[in-house]
Number of protein chains: 2
Amino acid sequence: MGAKKARPVTLQMIADQLGLHVSTVSRVLHAKPDEGLRAASSPTAVRVRALAGELGYQRNPHAMSLRTQRSNLVGVLVPRLSDVVLATIYEGVEEAAAENGLSTFVTNTRDVPEAQRARTEMVLARRVDGMIFGDGRSDTGFLDEVAARGVPFVLVNRQVGEHPAVVCDDYLGGRMAAEHLLRLGHEDVAVVAGEPYASTGVNRANGFADRFREAGLPIPGHRITHARFDAPGGREGAEKVLAAGPRPSAMFVVNDFGAIGAIGALRDHGLRVGADMALVGFNDTPLAAELPVPLTTVRSPMHEMGRRGLELLVRVLAGGPPDKELLRPELVVRASSDPGRYAALMRKTAPGRTGDGLSPGQDPYTSSS
Amino acid sequence: MGAKKARPVTLQMIADQLGLHVSTVSRVLHAKPDEGLRAASSPTAVRVRALAGELGYQRNPHAMSLRTQRSNLVGVLVPRLSDVVLATIYEGVEEAAAENGLSTFVTNTRDVPEAQRARTEMVLARRVDGMIFGDGRSDTGFLDEVAARGVPFVLVNRQVGEHPAVVCDDYLGGRMAAEHLLRLGHEDVAVVAGEPYASTGVNRANGFADRFREAGLPIPGHRITHARFDAPGGREGAEKVLAAGPRPSAMFVVNDFGAIGAIGALRDHGLRVGADMALVGFNDTPLAAELPVPLTTVRSPMHEMGRRGLELLVRVLAGGPPDKELLRPELVVRASSDPGRYAALMRKTAPGRTGDGLSPGQDPYTSSS
DNA sequence: GACGGTTACCCAAACGTTTGCGCCAAACGT
DNA sequence: ACGTTTGGCGCAAACGTTTGGGTAACCGTC
């Protein structure tokens, strides 16, 4: 079974069948309209296009890349694709790439610097035109090296130094979370920040802390703890906070996954999320709305970030300026922090209605396995 | 800033500097050992390799692909990468690909046939050596067409027809879930199956139903409902089941995301998961263990499936047989179905310890955003 | 009717590899 | 001393494009 795979049709074949030269066919088919006008007479152009269509001509990308020194390929590095945040960003990247005639390689680096180096080399060996880093670390000079080598790239998700980047305005997001809790009258709050090498967590925590300081309620050191960006990390972070003296009335965890871990820790301490402790996460991961007590969180435009990241790269490749874009986050208030919503939730005989009426049009959790 | 990007070093440069011919250098550097022996004398080979190393020679993949008609590229199609199940499978694919010197393009098709076609064409236009489909549908003849065109491919996640595939033994998984509930004495159970075009859900449901039938407890039609593989789908499915007469004592939802939706529906009806209704999901998604009432589920080896899928493709590309592999699932019992564990959970003053002691070494939820 | 300007093409040289074939010397066999 | 092998390498033709530079024929113009 399986038809003998016919050899793909080439420009040469088309040219031969039409008694033309291959270069003429090439120009007709691929030259930009402005310079393509003088490529061939209108009738021949039509004949060429017709035959190409009929034969199902497909330009050979390898020959093209070899000749033009441009691969139309971009490499994407992320910490983990099974992290829904990064996966969503990548979806945006890929979508925009397709629209721009580019293809993408994506690969995990698990945030380990050696893997980051190794994968970068692999990707570069494929002669990509540019790269997108979703795993930028501020504690290694790696990206500076890459830049020094003349490799065009942009960052998404995290920013480092002055390299071109498209990120969420994490600092503002942190302030929004703080603002929200201040409005609700919280005066003693804690924050579980992320890894120190990731701008995301750092900026979110800083924005949050700054806003509280401005309100005349500086957050003491023992109320701030650093943790990994995952459930166990969030749990440990929350535990540490709870162990340090009298408990605060609210907690800001800079990542939804961490917030889930924190929820576990709070339960272990017999504390009810939304009642005994207000909780705010970050990212508005699909599961935030589905939790038994829906989670207040700061939505970051992940998909959009990916799209913009790729588009910025396209501009950079075209010689454009290495801009930096900050995307606006959005506070999504749910029962985990809002007394009103919490009460409404509890008022139902059967608590647990998961909808929140605040995030329309997003369908959470989809699976196809 | 940004060094002028030096032109990459080629075989020609090495040959020139060594007074050799480019073909000799090529053979020394890339010929397989068996035929490479006669390529050059030992001393020249050493000189060549030394200079190549020093200059940092990198083989130009486009030139190579053009010449050899082999791209070392594989295209991967999935419904959605932001579905952690598919993302994890892809991680396996990508990992194995890197080990085999291959690179992968991955893209979403959202399970819509037109997108599937379009993306396949895009990927094929990139002259991939083969493809991996994670989104196979049994209701379109699409894959038969692809096979007829002579495109080498394998399926992962879902199987369709007799095409080579690496999937979880979903039927067995369904039986395991049934077995578990039978042991616990459940006699009236319901199942929320998936989309009819996906072998995964269909086989899981069939395995489950068959086991119950064998036990002399055939599941009546109104206890079986089809739904999408997501939380809203699971919710609707559960609602339908609950609306159809007296409620069953247990429910099998063929996907963890659907199970989450079902939990919501159960809450709305004032039913306690694990007490009033036993619930079993499928996949052992990281969040299953983190739910307030941890979810009993059937673990499918997602990462492994991806790895094996790519390895099978490699064999197929080498002319091997189009095998089909069934990976063994594993039942993971947690409080949502097990009265003992549920009681233990409730016995704590603060219920909600999320660990389950049954899934060691898996760190759930990791994020890096 | 010589001349500049289009129009509509063709030519050929790349881009960097791979690979079948051939050649020359040295080594070998007798 | 003379064929025959074989080790060690060079030659050149691909693979399918793109692109700067032709060059005829044709047009209109004075």
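Reminder, nothing fancy here: chain letters follow the sequence lines and each chain counts from 1. These figures come from a predicted structure and were not determined experimentally. Because only heavy atoms are used, hydrogens play no part in the values below, and waters and symmetry mates are left out as well, while side chains stay in.
Whole-Å rounding puts the A/L11 CG to C/dC10 P distance at 13 Å. Distance NE2 (A/H62) to P (C/dG16): 16 Å, rounded to an integer number of Å. Atom CD1 in A/I14 sits about 12 Å away from atom P in D/dG16, given to the nearest Å. Taking atom NE2 of B/H21 as the reference point, atom P of D/dG7 lies 22 Å away to the nearest angstrom. With rounding to whole Å, B/L29 atom CG is found 14 Å from C/dT19 atom P. Counting to the nearest Å, the P atom of C/dC9 and the CG atom of A/L20 are 7 Å from each other. The interatomic distance linking A/N60 (CG) with C/dC15 (P) rounds to 18 Å, in whole Å. If you measure from atom CG of B/L66 to atom P of C/dG16, you get 12 Å, rounded to the nearest angstrom.
Residue contacts for A/S26: at a heavy-atom cut-off of 4.0 Å it reaches a base atom on one of the strands shown. A/T44 comes within contact range of the sugar-phosphate backbone alone, with a heavy-atom separation under 4.0 Å but no base atom that close.
Heavy-atom nearest nucleotides on DNA chain D were determined for B/T68 and for B/A45, and the one closer to the 5' end corresponds to B/A45.
DNA chain C forms stems at C:1-30 with D:1-30, each a run of 3 or more consecutive Watson-Crick or G-U wobble pairs whose two key distances fall under 3.5 Å.
Residues B/E94 and A/T107 bring a donor and an acceptor atom of their side chains to less than 3.5 Å of each other.
When the side-chain nitrogen and oxygen atoms of A/R127 are compared with OP1 and OP2 of C/dG16, none of them lie within a distance under 4.0 Å. For A/Q69, a side-chain nitrogen or oxygen approaches OP1 or OP2 of C/dG16 to under 4.0 Å.
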Please list, for nucleotides 20-26 of chain C, all pairs of protein and nucleotide N/O atoms separated by less than 3.5 Å.
unit_1: C/dG20; atom_1: O6; unit_2: B/R27; atom_2: NH2; d: 2.6

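For B/F153, the ring-ring contact (aromatic ring centres under 6.0 Å, His included) criterion is met by B/F133, B/H163, not counting sequence neighbours. Remark: B/Y57 pairs with B/H30 by the ring-ring contact (aromatic ring centres under 6.0 Å, His included) rule, at least two apart or across chains.
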Return all side-chain donor-acceptor pairs below 3.5 angstrom for residues 305-320 of chain A, not counting sequence neighbours, or 'none' if the list is empty.
unit_1: A/R307; atom_1: NH1; unit_2: A/E95; atom_2: OE2; d: 2.5
unit_1: A/R307; atom_1: NH1; unit_2: A/E99; atom_2: OE2; d: 3.3
unit_1: A/R307; atom_1: NH2; unit_2: A/E99; atom_2: OE1; d: 2.7
unit_1: A/R307; atom_1: NH2; unit_2: A/E99; atom_2: OE2; d: 3.4
unit_1: A/R308; atom_1: NE; unit_2: A/E304; atom_2: OE2; d: 2.7
unit_1: A/R308; atom_1: NH1; unit_2: A/E325; atom_2: OE1; d: 2.9
unit_1: A/R308; atom_1: NH2; unit_2: A/E304; atom_2: OE2; d: 3.4
unit_1: A/R315; atom_1: NH2; unit_2: A/E325; atom_2: OE2; d: 3.2

Original post:
What's the verdict on side chain to side chain donor-acceptor pair (under 3.5 Å) for A/S199 and A/Q159, showing C-alpha distance, side-chain angles and the deciding distance?
Top reply: CA-CA 6 Å; A/S199 71; A/Q159 55 184 318; 4.9 Å; no
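Evaluation of the ring pair (Phe, Tyr, Trp, His ring centres under 6.0 Å) test over residues 74-112 of chain B, restricted to residues two or more places apart or in two chains, returns A/F105-B/F105.
A donor-acceptor pair is defined here as one N or O able to donate and one able to accept, closer than 3.5 Å; no such pair exists between the side chain of B/E91 and the backbone of B/H303. Although no hydrogens or angles enter the test, the distance criterion places no donor-acceptor pair under 3.5 Å between the side chain of A/D111 and the main chain of A/P79. Side chain of B/N60 to main chain of B/H62: a donor-acceptor pair is present (N/O by atom type, distance under 3.5 Å, no hydrogens or angles).
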